[in-house]
S.K.: 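This structure is in structure tokens; I'll ask about it shortly.
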Amino acid sequence: MTTERIIVVGNGMVGHKFIDTVINSDNAEKFEIVTFSEEPRLAYDRVKLSAYFSGSSVDDLMLTSEEHYQSAGVVYTLNDKVVEIDGDAKTVTTAAGKVEGYDKLVLATGSFPFVPPIPGKDQPHCLVYRTIEDLEEITASAQESKVGVVVGGGLLGLEAANALKNLGLETHVVEFAPRLMAVQLDEGGGDLLRRKIESLDVNVHTEKNTKNIGAGKKRRYVMEFTDGSELETDMIVFSAGIRPQDELARNNGIDIGERGGIVVDNFCRTSVEDVYAIGECALWDGKIFGLVAPGYHMAKVAYSHINGSSDQFTGADMSTKLKLLGVDVASIGDAHARTPGAQTYTYEDGVNEVYKRIIVSEDGKKLLGAVLVGDAEAYGTLQQMCVNDMALPDSPEQLILPASDGSAGASMGVDALPDTAQLCSCLDVTKGDIVDAVQGGCCSMGDIKDKTGASTGCGGCAALVKSVMDKELENLGVEVNNHLCEHFAYSRAELADIVRVKKIESFDALLDSHGQGGLGCEICKPAVGSILASFWNDYVLEDKHMGLQDTNDIYLGNMQKDGTYSIVPRVAGGEITPDKLIVLGQVAKEFNLYTKVTGGQRIDLFGAQLHELPTIWKQLVDAGFETGHAYGKSLRTVKSCVGSTWCRYGVQDSVGMAIALENRYKGVRSPHKIKFGVSGCTRECAEAQSKDFGIIATENGWNLYVCGNGGMRPRHADLFATDLDDETLVKYIDRVMMFYIRTADRLQRTSVWLENLEGGLDYLRDVVINDKLSIAQELEDNMTSNIGKYQCEWKTTIESPEKLKRFRHFINSEKQDENLAYVVERDQRRPANETERENQIPAVEVTV
Amino acid sequence: MTNQTINTSEASQWVDVCDINDLTPETGVCALVGEQQVAIFYSGKLDQLFAIDNYDPIGKANVLSRGIIGSIGERICVASPLYKQHFDLTTGECLEQAEHRIRAYPVNLAGNRVQVGIR
């Protein structure tokens with residue numbers, strides 16, 4: 001079989017989409033793919049570029065990998081660009097001189113940032129915002145700057161402004177038009193967006209035309225505007241729109257539009273035979289499409305044509321929904337009411353800062369467009385109504401008015417959507433695709449994402465996709481069972497509510513009043529034990545709670561494989577005096593405990609037998625140690641770097657903060673273990689972003705990151721709030737942690753909890769910062785009450801002769817467990833393995 | 001031992017182990033009965049005593065007395081503190097891996113004294 005050779009010029013999002021479409025198609029083996037990228041890496045997600053500033057790594061942004069291309073047989077060249085096309089010989093030549101022949105050529109060269117021709121624009125610290133390299137330059141420049149200006153108040157400009165703000169700069173946005181996001185928003189929407197953004201300390205300057213960038217007096221540069229005003233700044237980011245990267249086509253005789261762009265037809269063909277253009281470099285019907293979804297559509301159309309089908313590109317819906325500097329903004333269809341005869345409805349709530357406007361057809365029957373600022377929840381419904389030409393309700397204003405009961409406005413039942421309705425425009429997933437996936441067995445958003453790809457692009461459609469999924473599950477009669485176990489027909493979160501609201505104080509009381517009979521089991525007992533401890537914080541070894549405690553909690557130690565325990569005293573913040581360190585050494589030596597430093601900056605002593613635990617802990621408590629709760633589903637450690645007290649770079653006292661936080665939250669039982677990290681500067685030596693709560697010092701206070709995780713499924717924590725003072729930081733942590741305790745599933749880490757929390761990070765911010773549910777005070781009170789009842793469980797235990805009775809191997813003998821056997825390795829003992837036991841390597845005598 | 005169903009009459013000898021007050025309801029202790037490590041559990045809810053081997057044949061350690069007791073359907077079990085397999089407290093059967101059956105013992109309360117039966 002002969003294969004057809006396709007060369008794809010450019011490996012951005014759209015170029016990659018084309019390749020991905022080919023290699024995943026049924027006819028993949030018919031094609032050989034060669035691609036060139038002038039960037040040093042394969043395709044990454046430019047839509048999520050700003051995530052790079054909130055902790056995502058380059059790897060997080062990658063859309064593919066070299067291994068993946070290699071295994072799919074895609075030949076790629078990085079750091080080299082195609083400079084010449086010979087349409088007759090059907091070859092391309094690269095800057096490095098490489099010549100490759102093609103059967104089909106696909107140009108996916110994308111766009112470049114437009115920098116207005118202002119004198120002085122080429123100086124250092126005058127940058128653009130487009131690639132990962134640009135972001136690295138912006139970061140570097142920000143370290144030497146205090147003030148930053150973004151030129152351009154459009155979508156990308158505001159993202160860049162957000163980035164500068166996150167980098168700690170005094171941030172300004174300079175826009176030529178009279179309002180922000182002039183393409184997408186009308187005057188009312190633009191005005192509100194401006195007010196909201198200004199309240200976040202971003203300075204907005206509209207109707208400013210920069211005529212020169214000169215040397216500043218106080219700052220590095222001064223920007224001079226045509227109206228005579230000036231603005232001093234240390235750095236400038238140009239984000240004034242994009243231009244199609246059409247140079248290659250232009251220089252090689254391919255038709256270009258008057259104002260740029262490679263002219264293509266409905267099949268994405270250019271004027272030269274067997275040459276296609278897709279994405280932001282392509283000009284269709286006189287238009288450039290600067291969004292990823294139309295680019296993806298073009299990629300599919302081009303492949304369809306090459307593969308002998310006849311899909312066509314006939315324009316795209318340019319509706320967008322996004323969050324800019326924390327403000328929800330959406331624009332749908334004819335946002336400016338340019339359709340002849342169009343009528344509008346406007347809703348403006350100055351108190352809650354919400355602006356909504358819908359544009360309807362002259363006869364009032366169809367929705368033509370909409371603008372939403374401050375609350376974009378209606379986006380999914382309105383966008384679907386608009387693109388599917390669905391009939392409007394009799395009173396269209398209901399679509400944007402809040403319902404009288406205070407809930408969101410009337411939303412369309414998803415049943416009303418046709419199966420062909422495209423829910424996810426990034427990945428082109430229709431309602432029918434979701435319904436099929438559910439019928440094929442998908443029953444969670446995770447399944448749906450894996451199966452259909454929906455919501456894996458910009459994520460804007462997640463709520464809509466979930467309601468379609470839920471509706472279809474309901475139609476199929478599937479009841480999602482989240483019961484804790486056979487003894488309780490409730491989820492952990494529901495049981496937590498019951499315990500809290502009905503003030504239930506024991507497992508038996510809960511089982512009697514809300515259980516399904518039986519005795520309980522090793523699932524529900526520890527879960528309920530943890531809930532009781534979270535809200536009432538009794539001593540966990542009280543008789544009525546003891547039988548609920550899991551393997552480790554019941555003896556306040558971590559059981560090892562041979563039934564002995566490890567001991568981890570608290571070393572708050574990782575700070576320890578030499579004297580205390582010596583005590584740990586002495587105890588370890590006396591009891592011959594294997595000693596290892598943990599990842600959480602403390603010291604783990606292994607191999608203590610049950611009867612030794614009280615003696616060991618007596619010595620530790622006498623020396624001023626407390627239990628480290630290493631055995632509990634509770635706060636483990638607050639890892640810290642040394643911070644401003646010693647470090648040349650530290651900007652805050654990270655150790656002091658870590659110790660304060662560890663002492664505040666120690667002993668708080670939660671659905672799973674919780675770890676913190678506190679770093680004294682942006683170098684992040686405490687690796688705080690891999691923790692449930694990460695705190696990173698800034699010049700002005702602390703940035704709070706939440707719901708990170710190391711371990712099996714690493715997840716970077718999300719930036720939750722910036723530049724907090726100590727008091728606000730603690731307040732927010734109190735609220736997030738207690739909200740997690742109330743609502744998480746059993747053994748659900750904060751990372752998975754957040755991923756499953758409907759509304760995600762934005763919702764969490766709404767609850768914690770804006771107090772959307774009016775529970776903030778209650779959450780703080782819960783936490784205060786819990787903290788007020790803290791006790792060192794080991795101190796309580798060694799003071800109780802009754803409790804100590806259990807700490808022996810036999811209830812009726814002083815003998816020890818004879819099954820224990822050890823060998824020495826690297827000067828310490830460890831449990832013998834089976835071969836060593838069988839070979840009767842002499843066991844180390846363990847005596848006290 | 002072929003018949004795993006235990007009733008107190010099977011015991012040929014009762015070994016005194018501890019006081020009932022040494023047992024916290026819904027938990028277990030380990031007793032040395034002759035040379036054998038025996039896990040004894042007391043369910044306050046059922047007002048019943050149970051005794052099985054303390055050795056966990058899967059985790060290969062003497063730990064079963066430290067597990068959580070509960071019910072799976074009609075069966076009363078302990079979950080191993082190591083890897084959470086369930087052992088039936090009246091028969092010694094392992095619910096997950098039938099090949100790992102352990103011994104169950106007759107257990108008796110004489111006054112306040114807990115006794116384990118051996119043959």
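Chain letters run A, B, ... following the sequence lines, proteins first, then strands; residues in each count from 1. Please read all numbers here as calculations on a predicted model, not as lab measurements.
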S.K.: Can you check whether Glu522(A) reaches Pro81(B) side chain to side chain, under 4.5 Å on heavy atoms?
M.R.: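 Side chain of Glu522(A) against side chain of Pro81(B), heavy atoms only: no contact under 4.5 Å found.
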S.K.: Got a donor-acceptor contact below 3.5 angstrom from the His487(A) side chain to the Ser71(B) backbone?
M.R.: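 Answer holds: yes.
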S.K.: Side chain, backbone, both or neither: which part of Val17(B) has an atom under 4.5 Å from a heavy atom of chain A?
M.R.: both
S.K.: Any chance you could measure Arg806(A), atom CZ, to Cys30(B), atom SG, to the nearest 0.5 Å?
M.R.: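 Taking CZ in Arg806(A) and SG in Cys30(B), the distance rounds to 13.0 Å.
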S.K.: Sort out for me which of Gly59(B), Gly73(B), Gly67(B), Pro25(B) touches chain A most, counting heavy-atom pairs under 4.5 Å.
M.R.: Gly73(B)
S.K.: Are any of the side-chain heavy atoms of Cys521(A) and Ile68(B) separated by less than 4.5 Å?
M.R.: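 Contact flag for Cys521(A)/Ile68(B) side chains = no.
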S.K.: For Lys525(A) and Ile69(B), indicate whether the former's side chain and the latter's backbone hold a donor-acceptor pair under 3.5 Å.
M.R.: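 Yes: the side chain of Lys525(A) pairs with the backbone of Ile69(B).
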S.K.: Looking at Lys805(A) and Asp19(B), is any side-chain nitrogen of the basic one under 4.0 Å from a carboxylate oxygen of the acidic one?
M.R.: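 So Asp19(B) does not pair with Lys805(A) through a salt bridge.
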S.K.: Using non-hydrogen atoms only, which part of Leu23(B) is less than 4.5 Å away from chain A: side chain, backbone, both, or neither?
M.R.: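 For Leu23(B), there is no contact with chain A at all, as no heavy atom is under 4.5 Å.
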S.K.: Just verifying a value: how many Å separate Phe810(A) CZ and Ser65(B) OG, rounded to the nearest 0.5 Å?
M.R.: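 With rounding to 0.5 Å, CZ (Phe810(A)) is 9.0 Å from OG (Ser65(B)).
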S.K.: Pick one of side chain, backbone, both or neither for Leu541(A), based on which atoms fall under 4.5 Å of a heavy atom in chain B.
M.R.: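 For Leu541(A), no heavy atom lies under 4.5 Å from chain B.
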S.K.: Looking at Lys45(B) and Asp512(A), does any basic side-chain N land under 4.0 Å from a carboxylate oxygen?
M.R.: yes
S.K.: Where do Asp550(A) and Lys84(B) land on the salt bridge (Lys or Arg N to Asp or Glu O under 4.0 Å) test, with the steps shown first?
M.R.: CA-CA 10 Å; Asp550(A) 217 336; Lys84(B) 312 288 179 192; 2.6 Å; yes
S.K.: Need one label for Asp56(B): side chain, backbone, both or neither, based on atoms under 4.5 Å from any heavy atom in chain A.
M.R.: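 No part of Asp56(B) comes within 4.5 Å of chain A.
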S.K.: For a side-chain hydrogen bond (donor to acceptor under 3.5 Å, both in side chains) check, start with the C-alpha distance between Asp817(A) and Gln37(B), then their side-chain angles and the critical distance, and finish with the verdict.
M.R.: CA-CA 9 Å; Asp817(A) 185 3; Gln37(B) 294 197 18; 3.0 Å; yes
S.K.: Heavy-atom distance under 4.5 Å to chain B: side chain of Gln560(A), backbone, both or neither?
M.R.: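 Backbone only.
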S.K.: To the nearest 0.5 Å, how far apart are CD1 in Ile76(B) and CG in Leu519(A)?
M.R.: 4.5 Å
S.K.: Let's test your reading of the structure: which of Leu32(B), Val63(B), Thr27(B) forms the most heavy-atom pairs below 4.5 Å with chain A?
M.R.: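 Heavy-atom pair counts peak at Leu32(B).
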S.K.: In Å and rounded to the nearest 0.5 Å, what is the CD1 to CD1 distance from Ile40(B) to Ile811(A)?
M.R.: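 Answer for the CD1-CD1 pair, Ile40(B) versus Ile811(A), is 8.5 Å.
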S.K.: Which value, rounded to the nearest 0.5 Å, describes the distance between Asn812(A) atom CG and Asp16(B) atom CG?
M.R.: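 Spacing of CG (Asn812(A)) from CG (Asp16(B)) equals 8.5 Å.
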S.K.: Please evaluate residues Glu486(A) and Ile72(B) with respect to the criterion side-chain contact (heavy atoms from CB on, under 4.5 Å), reporting the C-alpha separation (whole Å), side-chain torsions for both, the decisive distance (0.1 Å), and the verdict.
M.R.: CA-CA 8 Å; Glu486(A) 67 181 66; Ile72(B) 302 291; 4.1 Å; yes
S.K.: Mark yes when over 12 heavy atoms from residues, nucleotides or ligands other than Glu818(A) sit less than 6.0 Å from its CD; otherwise mark no.
M.R.: no
S.K.: Assess the residue pair Lys60(B) and Glu834(A) against the criterion (side-chain contact (heavy atoms from CB on, under 4.5 Å)); give the C-alpha distance rounded to whole Å, side-chain angles, the decisive distance to 0.1 Å, and a yes or no.
M.R.: CA-CA 10 Å; Lys60(B) 296 188 169 47; Glu834(A) 273 187 65; 3.3 Å; yes
S.K.: Flag yes if more than 12 heavy atoms outside Lys502(A) fall under 6.0 Å of its NZ atom; otherwise flag no.
M.R.: no
S.K.: Looking at Asn62(B), Val78(B), Val29(B), which has the largest count of heavy-atom pairs under 4.5 Å with chain A?
M.R.: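 Highest number of pairs under 4.5 Å: Asn62(B).
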S.K.: Chain B heavy atoms under 4.5 Å from Lys544(A): which part of the residue, side chain, backbone, both or neither?
M.R.: neither
S.K.: Please classify the contact of Asp543(A) with chain B as side chain, backbone, both or neither, using a heavy-atom distance under 4.5 Å.
M.R.: both
S.K.: Are Met546(A) and Glu26(B) close enough that some pair of their side-chain heavy atoms sits under 4.5 Å apart?
M.R.: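 Met546(A) vs Glu26(B): side chains apart.
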S.K.: Side chain, backbone, both or neither: which part of Leu610(A) has a heavy atom under 4.5 Å from chain B?
M.R.: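 For Leu610(A), side-chain heavy atoms alone lie under 4.5 Å from chain B.
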S.K.: Within a reach of under 6.0 Å around CD of Glu802(A), are more than 12 heavy atoms found that belong to other residues, nucleotides or ligands?
M.R.: no
S.K.: Nearest 0.5 angstrom please: Glu542(A) CD to Thr24(B) OG1, how far?
M.R.: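 Output value for this atom pair is 12.0 Å.
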